[in-house]
Student: 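Sharing a structure here in C-alpha cells format.
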Amino acid sequence: MEDIFAMKNIKVAAIIMSLCMAGAALCACNNQPEPVSSDINVISSQNQNQGGAGESNISVDPNAADNNFKITYKGIDITVNGELDDSKFDDNEYDVREQTSCAGQGLALVYSFKGGSFEVETFPDTTVVSRIKLNDDTVATAEGVYIGNTMDQVKAVYGEPTALSENIFSYKKGSSELRLFVEDPADGKVSSIEYFSDLV
Amino acid sequence: MAKSSTKTIKKVITALVLVALSLGIFWFVQRLFMPKYQVGVIEGSFTEEYYKEKVPHDVIFFGDCDAYESYSPIKMYEEYGISAYIRGSGEQYICQSYYLLRDVLRTETPKVVVLSIHNLQHDVPRKEAYNRMTLDGMRWSKDKVDAINASLTKGETFASYAFPILRYHDRWNQLTKTDFEHVFTKEITSHNGYYMRCDIKPQTFIPSMPHLISYDFGENAMYYLDQIRLLCAENGIELLLVRAPIEYGWYPQWDKNVEEYAAKYGLTYINFCDYAEDMGLDMNVDTYDQGSHLNIYGAEKLSVYFGKYLKEHYDLTDYRTVPAVAKEYEKDIAFYNFVRDDQLAEIEKYGELRSYGPKAVQK
C-alpha cells in the first residue's frame with residue numbers, strides 16, 4: 001500500500017515538474033516571435049565576460065553612393081549612410097573622438113577634419129556615417145553651397161526646401177537629409193549645414 | 001478514520017512540498033538566466049546594490065551616467081563626513097528617477113535630493129537595454145510596478161519584468177561561470193552608487209552638437225520633474241538640480257530651460273561646467289573617455305568642490321562622528337581604495353584596464 005502511495009507521489013511530482021517546465025518553456029516560446037531590437041539582444045545574450053557593448057543593426061546603405069548626400073574632401077567622397085574608411089586619410093588630417101554612451105551600450109566615432117571645419121560622426125559600433133556637419137565657410141557641400149550663402153542662393157542650387165521651422169530648412173535625398181540653419185532670418189544667411197541619416 | 005485523516009494530511013503536505021519545490025526550481029532557473037552585471041557592464045547592478053546599504057544617507061543623487069560617474073560619495077565622506085548615495089543607472093530616464101525616489105522614501109528620507117538634469121533630454125524611455133539595467137534590480141513594490149508601466153518601450157511587456165525568464169530564456173547557451181556563481185548573491189560593484197574608472201584618455205576636442213528643431217524639454221520629462229519637485233516638497237527634502245562638468249551632449253538652451261524652471265520654483269541649479277576651472281578640472285587627465293565621463297581624478301575634484309557647497313548650504317550630519325556609521329564607511333573606504341589600487345596596478349601592468357570597463361574580461 002505504501003509503495004503505491006510512493007509511486008503516486010513520484011507521478012504527481014513528475015507531473016508538477018513537467019507542467020512547471022512546460023509552462024516556463026511555453027512562456028519563453030510565446031515571447032520568441034516578438035520583434036526585438038539590437039539592445040534587447042544585447043541584454044538577453046549578454047556574455048558577462050565579453051561586456052555589454054552590442055552590435056549595431058545599422059549597416060551601409062548599398063545605394064548611398066548614388067542616392068545620398070555626400071561631401072568630397074581631398075577627392076574622397078564621404079557619404080551619409082556610406083562607409084567611412086579613415087585609412088584613406090593621413091592621420092594628421094583629422095582628429096577622432098570616441099563617443100561613449102551610458103553603460104557601454106555603443107561607441108560612436110566623431111572625426112574632426114581641417115581643424116574642426118567639418119565633422120563626421122558614425123553610428124555606434126560601425127563605420128557607417130550618420131552625420132556630417134560643416135562648421136565654417138572653408139568647406140562646401142558637393143553642390144557648392146557653403147556657410148554664408150543666402151537661402152536664395154541655396155534654393156537656386158537645391159530647389160524649394162521643406163521648412164522645419166522659421167530658420168531650419170530641409171532637403172531629402174535617398175536615405176539622407178540635408179539641413180540648413182539660418183540663425184538670423186532677417187539676413188537669410190546660412191549659419192550651419194548638417195547632413196543626417198534617415199536610418200534612425 | 002484517523003488513518004484516513006493522516007493520509008490526507010500527508011497528501012496535502014506532499015503536494016505543498018512539490019509546489020514549493022517547483023516554484024523554487026522556477027525561481028532558480030530565472031535567477032540563473034538573468035544577467036548578473038558583475039563583470040563588464042556592471043551598471044545593471046547599481047539599482048539593487050542600494051538595498052544592501054546599512055547606513056542612513058543625508059544626500060541621495062538620481063540620474064544617469066552624469067550622476068554615477070561624476071560624484072564620489074566616498075570622497076565626500078572622507079572630506080566632509082557626508083553620507084551620500086547615488087541611485088543612478090545607465091541612461092536612467094527621469095520617470096525612473098521619480099519612482100526610485102519614491103522607492104528610497106520607503107526606507108529613508110534624505111535631507112537633500114540631487115537630481116542630475118542630464119536625463120531631461122529624453123522625453124520618454126527609448127531603449128530596453130537601459131530599462132532593464134534600472135528596473136530589473138528594483139525591489140518589488142507599487143513603485144516598481146508604476147516605474148515599469150511608465151518605462152515600457154515598444155515591444156516590451158510588463159510580464160517580462162514580472163517574470164524575467166520571458167526575456168532572458170535565450171541565454172541558456174551563453175551562461176558563464178559568473179552566472180552560476182552569482183545566482184544567490186552578488187558582489188557590490190559600485191561605491192555608494194559611484195562607478196569608478198582610473199584610466200585616462202584626454203579630451204582632444206569637443207564635437208559640435210547637431211541643431212535641434214526645438215530646444216524645449218518634452219512634456220513627459222517635465223511632468224516627472226514636477227513630480228520629483230512636489231515629492232521632495234511633501235517630504236521636506238531640499239531638491240538640488242545639477243549638471244556635471246561635461247561639455248559635450250548638452251545645449252546652452254537646455255541650461256536656460258533649467259535655470260528658468262529653478263527660478264520659477266525657487267530651486268538651485270548648479271551647472272558645474274561654470275566652475276570647472278575653480279575645481280581645477282583638467283580634461284587632459286580627468287576623463288577616461290575623451291570627455292564624455294569623468295574618471296576618478298575628475299570625480300574626486302568635483303566631489304570635494306560640491307561636498308564643500310553641500311556642507312555650507314545644508315544642515316548635514318558629520319557621520320565621521322557617528323561610530324556605527326563610521327564603522328561601515330571604513331569598510332567602504334577600504335573597498336574603494338582596493339578597487340582604485342587594483343585598477344592602477346592593471347594600468348601600470350598593461351597600459352590599460354583589462355578587468356574593468358564594458359569590455360572587461362573576468363580575472
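To find a chain, count down the sequence lines: A is the first, B the second, and so on, and within it residues start at 1. Just so we're clear, the structure is a prediction, and the values are computed from it rather than from any experiment.
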Student: What part of Arg97(A) gets closer than 4.5 Å to chain B, counting heavy atoms only: side chain, backbone, both or neither?
Tutor: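 Both parts, heavy atoms under 4.5 Å.
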
Student: Is it true that a side-chain atom of Tyr130(B) and a backbone atom of Cys102(A) form a donor plus acceptor pair closer than 3.5 Å?
Tutor: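 At least one qualifying donor-acceptor pair exists.
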
Student: Testing the basics here: between Ile168(A) and Ile213(B), what is the closest heavy-atom pair and its distance to 0.1 Å?
Tutor: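 Ile168(A) and Ile213(B) have their closest heavy atoms at CD1-CA, 3.6 Å.
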
Student: Applying the side-chain contact (heavy atoms from CB on, under 4.5 Å) criterion to Thr100(A), which one of His293(B), Gln290(B), Lys201(B) satisfies it?
Tutor: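 Considering His293(B), Gln290(B), Lys201(B), a side-chain contact (heavy atoms from CB on, under 4.5 Å) with Thr100(A) is found only for His293(B).
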
Student: In this structure, are over 12 heavy atoms from other groups packed under 6.0 Å from Lys88(A) atom NZ?
Tutor: no

Student: Using a 6.0 Å cut-off, check whether atom NZ of Lys173(A) has over 12 heavy atoms from anything other than its own residue.
Tutor: yes

Student: So for Tyr68(B), is it side chain, backbone, both, or neither that comes closer than 4.5 Å to the heavy atoms of chain A?
Tutor: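 Side chain only.
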
Student: Where is the tightest heavy-atom contact between Pro358(B) and Gly104(A), given as atom of each residue plus distance?
Tutor: CB-CA, 3.9 Å

Student: Say you draw a straight line from OG of Ser101(A) to CG of Asp64(B); how long is it, rounded to the nearest 0.5 Å?
Tutor: 11.0 Å

Student: Heavy-atom count check: over 12 atoms from other residues, nucleotides or ligands less than 6.0 Å from Phe89(A) CZ?
Tutor: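 Yes.
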
Student: Considering all heavy atoms of both residues, which atom of Pro207(B) and which atom of Val110(A) are nearest to each other, and what is their separation?
Tutor: CB-CG1, 3.7 Å

Student: When you look at CH2 of Trp27(B), are more than 12 heavy atoms from neighbouring residues, nucleotides or ligands closer to it than 6.0 Å?
Tutor: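 For Trp27(B), atom CH2 is crowded (more than 12 foreign heavy atoms under 6.0 Å).
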
Student: For residues Tyr111(A) and Phe205(B), report the shortest heavy-atom separation together with the two atoms involved.
Tutor: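 Of all heavy-atom pairs spanning Tyr111(A) and Phe205(B), the closest is C-CZ, 4.4 Å.
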
Student: To the nearest 0.5 Å, what is the distance between OG on Ser112(A) and CD1 on Ile206(B)?
Tutor: 11.5 Å

Student: What closest approach, in Å, do Arg131(A) and Ser208(B) show between heavy atoms, and which atom pair accounts for it?
Tutor: NH2-O, 3.1 Å

Student: Decide yes or no for Glu194(A) and His211(B): does some side-chain heavy atom of the first lie under 4.5 Å from some side-chain heavy atom of the second?
Tutor: yes

Student: Against chain B, label Glu119(A) side chain, backbone, both or neither, depending on which of its atoms sit under 4.5 Å from a heavy atom there.
Tutor: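 It is the side chain, since no backbone atom gets that close.
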
Student: By a 4.5 Å heavy-atom criterion (distance strictly below it), what part of Asn135(A) contacts chain B: side chain, backbone, both, or neither?
Tutor: side chain

Student: Other residues, nucleotides and ligands only: do more than 12 of their heavy atoms fall within 6.0 Å of CD on Glu187(B)?
Tutor: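 12 or below, so no.
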
Student: So which of Gln92(B), Glu91(B), Glu69(B) has the biggest tally of heavy-atom pairs under 4.5 Å with chain A?
Tutor: Glu91(B)

Student: Please flag which part of Gln203(B) lies under 4.5 Å from any non-hydrogen atom of chain A: side chain, backbone, both or neither.
Tutor: side chain

Student: Are Ser292(B) and Gln99(A) close enough that some pair of their side-chain heavy atoms sits under 4.5 Å apart?
Tutor: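 When only atoms from C-beta onward are counted, Gln99(A) and Ser292(B) do touch, with a gap below 4.5 Å.
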
Student: When you look at CD of Gln253(B), are more than 12 heavy atoms from neighbouring residues, nucleotides or ligands closer to it than 6.0 Å?
Tutor: yes

